Amino acid sequence: LHKKKLDRSKVPDLQLLSGPLNLELMTELYSPCLVVHHVFQRYASKKAAMQRLCVTAISQNFYAKGDSIFSFRDRAKYMYFTTSGSLAYQRPQGMLWNAQLEKSSRLNRRRFVMVHAPQWATEGCIWVQWAHRGTMLSIIESELQLVDSEKFRQVTVHYREIFTMCKEHSVAFVQSLWKNRQERGCNWDLPADTIDSQKPLVTEATSVRRRDAQEIARAEQQQAIFEQEQSDSSDGEQEMQLTVEQKESAQDVQDRSISGIVPTQSSGHKACL
């Protein structure tokens, strides 16, 4: 987790690889993380499509402790896959994870949701116009793979079967947005099952050494303390000060994304719908 890693651009010998070998290398580096999502599992069934996607649309970023990944209301450009580390996703003040539950429920009392490998965030941006619903930061050194939404669409339209699969999935995704809106009151950058899970997800695919696990535990414990203080004080006092205009503004962010499910063709989003 905390081993220093070099960017491939800083290894001169890698620049000498032939085109086919470079394709193989990039695919081997990026595809294992992507295929945890069923869309990319289907993508991998077409080797040429996956290779082109990995070379064209995927990048790898490293974040130090406390670095911001994205912020509330910013336009989303990337889908994020966590490959190592531990992230915290924070909901905006005055909004609830699930509006159908009591504010005092265990879920809604939490201000943060912990995100670990192999979880992902902001899938919505590759299917629709998307504004971030919350803020995410790294609580320890973390590594993420980023899928550029625009380049994803550009690659997808070149492969008929992949395009058809993505088109079907985009329709299902939009339907899930409406369902979540009705059942939970809003949509988030994370899948609903990630938000609802009460324990960090650490799978066998995530190799965590003992002291790394201890550091994660300490960071999460500190985050939990801060989360509890925020729930007890901020949610009680500051939420009362939240103006009607602010609430309407936050709701407008969701409405614009929902209403933008069929963007103009010039934006490129229509390609996968």
Side-chain angles (χ1 to χ4, degrees), residues 1-11 29-30 32-34 36-37 54 57-93 95 97 110-126 130-152 188-191 194-195 197 199-203 205-231 234 250 253:
L1 176 63
H2 297 289
K3 291 180 180 178
K4 187 175 181 180
K5 297 183 179 181
L6 287 176
D7 187 276
R8 66 186 302 271
S9 63
K10 296 181 180 180
V11 183
L29 286 174
Y30 294 145
C33 178
L34 299 176
V36 299
H37 191 290
C54 288
I58 312 300
S59 59
Q60 191 174 46
N61 280 6
F62 300 92
Y63 297 88
K65 180 178 179 180
D67 281 354
S68 174
I69 313 299
F70 55 76
S71 300
F72 177 51
R73 292 183 180 173
D74 285 351
R75 179 189 173 190
K77 299 180 181 180
Y78 303 99
M79 180 178 180
Y80 299 87
F81 284 85
T82 309
T83 56
S84 67
S86 189
L87 312 172
Y89 179 72
Q90 180 184 17
R91 62 176 171 82
Q93 185 68 41
M95 299 179 68
W97 297 118
R110 303 167 63 191
R111 285 297 306 282
F112 294 84
V113 170
M114 306 309 299
V115 181
H116 306 275
Q119 294 171 323
W120 61 83
T122 327
E123 178 188 352
C125 72
I126 66 175
W130 192 267
H132 288 299
R133 304 312 207 254
T135 299
M136 182 177 282
L137 56 85
S138 176
I139 63 172
I140 62 173
E141 293 177 2
S142 302
E143 176 185 345
L144 282 75
Q145 283 184 195
L146 283 60
V147 181
D148 186 301
S149 59
E150 184 65 28
K151 292 179 180 179
F152 170 85
W188 299 101
D189 296 292
L190 303 178
T194 301
I195 292 175
S197 62
K199 295 181 180 180
L201 177 62
V202 179
T203 67
T206 307
S207 177
V208 181
R209 296 174 301 175
R210 181 180 297 274
R211 76 169 172 275
D212 293 332
Q214 291 174 347
E215 183 171 351
I216 291 174
R218 286 196 299 269
E220 291 177 350
Q221 185 176 23
Q222 293 172 356
Q223 206 68 52
I225 294 173
F226 178 69
E227 168 186 324
Q228 184 63 42
E229 292 174 349
Q230 288 286 71
S231 296
S234 299
V253 173

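Residue numbers count from 1 along this sequence. Since this is a predicted model, take the numbers as computed values, not measurements.
Residues Asp148 and Tyr78 are in side-chain contact: their nearest non-hydrogen atoms beyond the backbone lie under 4.5 Å apart. Using a 4.5 Å cut-off on side-chain heavy atoms (C-beta onward), Gln60 and Glu143 make contact. The shortest side-chain heavy-atom distance between Trp120 and Gln145 does not fall under the 4.5 Å cut-off. Counting only heavy atoms from C-beta outward, the side chains of Arg110 and Arg91 never approach each other to under 4.5 Å.
A distance of 11.0 Å separates OG of Ser149 from CE of Met79, quoted to the nearest 0.5 Å. We find the CD1-CG distance between Ile69 and Leu137 to be 7.5 Å, quoted to the nearest 0.5 Å. Once rounded to the nearest 0.5 Å, the distance linking OG of Ser86 with NZ of Lys65 reads 11.0 Å. A distance of 5.5 Å separates CG of Leu34 from SG of Cys54, quoted to the nearest 0.5 Å. For the atom pair Leu144 CG and Tyr63 OH, the distance stands at 5.5 Å (nearest 0.5 Å).
With hydrogens and angles ignored, the 3.5 Å screen pairs no side-chain donor or acceptor of Arg75 with any backbone N or O of Trp130. Of the possible polar contacts, none joining the Arg133 side chain to the Leu190 backbone as a donor-acceptor pair under 3.5 Å is found. Between the Trp188 side chain and the Gly134 main chain, no donor and acceptor come within less than 3.5 Å of each other. Thr82 places no side-chain N or O within donor-acceptor distance of the main-chain N or O of Ser84, the cut-off being under 3.5 Å.
Met114 and Gln119 get closest at one heavy-atom pair: O-OE1, 3.9 Å. Ala88 and Ile139 make their closest contact through CB-CG2, 3.8 Å (heavy atoms, listed as atom of the first residue, atom of the second, distance). In terms of heavy atoms, Thr122 sits closest to Ala76 at CG2-CB, 3.5 Å. Closest approach of Thr194 and Val113 over heavy atoms only: O-CG1, 3.7 Å. When all heavy atoms of Cys33 and Thr83 are compared, the closest pair comes out as SG-CG2, 3.2 Å.
Crowding of Phe81 atom CZ: a count of heavy atoms from other residues, nucleotides or ligands under 6.0 Å exceeding 12.
Under 3.5 Å, the side chains of His132 and Asp189 contain a donor-acceptor pair of N or O atoms.
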Chi angles and distances behind the side-chain contact (heavy atoms from CB on, under 4.5 Å) call for Ile58, Val147: CA-CA 5 Å; Ile58 312 300; Val147 181; 3.6 Å; yes

Residues Gln90, Met136; criterion side-chain contact (heavy atoms from CB on, under 4.5 Å); working and verdict: CA-CA 6 Å; Gln90 180 184 17; Met136 182 177 282; over 6 Å; no

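In this structure Ala57 satisfies the side chain to side chain contact (heavy atoms under 4.5 Å, CB included) test together with Leu53, Lys151, sequence neighbours excluded. Remark: Tyr80 engages Phe70 in a ring pair (Phe, Tyr, Trp, His ring centres under 6.0 Å) (not counting sequence neighbours).
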